[in-house]
Amino acid sequence: MTGPAGRLDPGRCSVQALARADSMVATASLAQRWVLVEQPGPWGRDALAQSRLDPEVAPLLARRSRAENVRLLLVRRPGDRLTDSGRRWAYVDSRPGREGLWWSVRTGDADLLDAPWDGSVGEPATAPTYLVCTHGAHDACCALRGRPLARSLPAPGPADVWECSHLGGDRFAANVVVLPHGYYYGQVPGDGAGIVAAHGSGRVALPWLRGRAGMAPPAQAGQHLVREELGLLGVDDVRTTAVRSLTPPGEQVERWEVDLVVPDGELTVTVVSRLSATAAMLTCSARHPAHVRTWGLESLTRR
């Protein structure tokens, strides 16, 4: 990497991804449940271990999150949106039909080790919550693109926008996840007003949509491509009921059948995934180039 760490020079992964026109379809996290821990101050590359969180609690918290298959993120308020104590935490459920986000306040970090992660405690959020990845110690692009977006995102309330630790897909910075549904967005332009306006009206913002968290890539792709094909923008307009592989895993070209429920009936779509012809460095710190998959719609049948 050439140039100062604080510059978006041509070698940055997000600059290169834009130049290559990398597809963002089906690149959301597989997380279905989340715990957000408010932790102001700096985060190292390993945000949980390299932050101001109690160093005795951090490894135990990481162990619990792995055991319960919960995605743990550190969050902090951008700029001067709010200035209170920094002791909040939230449990989030992104599973279809169970969506919810509940905020609580801890007296100490050790509280997180015994607190129920099931939505039974805390105050439910009544509006979408926007997390913007600004984890510069993980990838500079996340900070360089994410921090300005987090400061300017025009959400209705100051507690609706948070900076967060690593979301994944660094090359798509600025990255945003909208909770509780878990919709991932990348390469978000300007102040992100398009995303806020869409979700404020119960819709997705398709031009920047990466996918919905908690779903396998073929399911994400099926939903995304059907939304494009049929103009279905409601956050709950498309639901996956089954995914079937039509080719052996690891093939250069993979085909999948995805069963979906939409407002006017049921569909089966066939989606095709291909490896990119050339490999590329996918993060600013990557040591080896990698191929990525792109997705296309082969067929759509109503059932």
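- The distance between the ring centers of W34 and W162 does not fall below 6.0 angstrom.
- Under the 30°/60° scheme for interplanar angles, the aromatic rings of H199 and Y130 are found to stand perpendicular.
- Across L209 and R227, no two heavy atoms sit closer than the pair CD2-CD, 4.5 Å.
- In summary, E38 and R106 do not engage in a salt bridge, as defined by a charged side-chain N under 4.0 Å from a carboxylate O.
- In plain terms, the two heavy atoms of V271 and W295 that are nearest each other are CG2-CZ3, 3.9 Å.
- How far CH2 of W117 is from OH of Y91: 10.0 Å, rounded to the nearest 0.5 Å.
- Between Y183 and H181, the angle of the ring planes stays under 30°, which puts this pair in the parallel group of the 30/60° scheme.
- Counting only distance, with no hydrogens or angles, the side chain of S51 and the backbone of L53 share a donor-acceptor pair below 3.5 Å.
- Between the CG atom of L61 and the CG atom of L72 there is a distance of 5.0 Å, given to the nearest 0.5 Å.
- The two residues P289 and A279 have their closest heavy-atom pair at CB-CB, 3.7 Å.
- With V15 as reference, R145 is the one residue of R20, R171, R145 to meet the side-chain contact (heavy atoms from CB on, under 4.5 Å) rule.
- Taking OG1 of T134 as the start and CG of D139 as the end, the distance is 12.0 Å to the nearest 0.5 Å.
- Exactly one residue among R76, H135, R151, R147 makes a side chain to side chain donor-acceptor pair (under 3.5 Å) with E163. That residue is R76.
- Between R244 and D259 a salt bridge is recorded (basic side-chain N to carboxylate O distance below 4.0 Å).
- Listed here is the closest heavy atom pair of A150 and P78: O-CG, 3.5 Å.
- Enclosure of atom CZ in R98 is not indicated, since only 12 or fewer non-hydrogen atoms of other residues, nucleotides or ligands lie within 6.0 angstrom.
- Note that OG of S165 is 8.5 Å distant from CG of L48, once rounded to the nearest 0.5 Å.
- In this structure, SG on C133 lies 8.5 Å from OH on Y184, to the nearest 0.5 angstrom.
- For T240 (side chain) and A242 (main-chain N/O), no donor-acceptor pair under 3.5 Å exists by modelled atom type.
- Ion pair E257/R303 not flagged as a salt bridge, since none of the NZ, NE, NH1 or NH2 atoms sits closer than 4.0 Å to an Asp/Glu carboxylate oxygen.
- Connection of V261 to V238 is not established within any shared hydrophobic cluster, with ILVMFWY side chains joined at heavy-atom distances below 4.5 Å, either directly or through further cluster members.
- Taking all atoms of both residues into account, the shortest heavy-atom contact from A219 to V243 is CB-CG2, 3.9 Å.
- Not one N or O on the side chain of R274 forms a donor-acceptor pair closer than 3.5 Å with the backbone of T294.
- In summary, the side chains of W256 and S273 do not present any donor paired with an acceptor at a separation below 3.5 Å, with no hydrogens or angles considered.
- Atom OG in S94 sits 5.5 Å away from atom CG in L179 (nearest 0.5 Å).
- Looking at every heavy atom in both residues, L8 comes nearest to S14 through CD2-OG, 3.7 Å.
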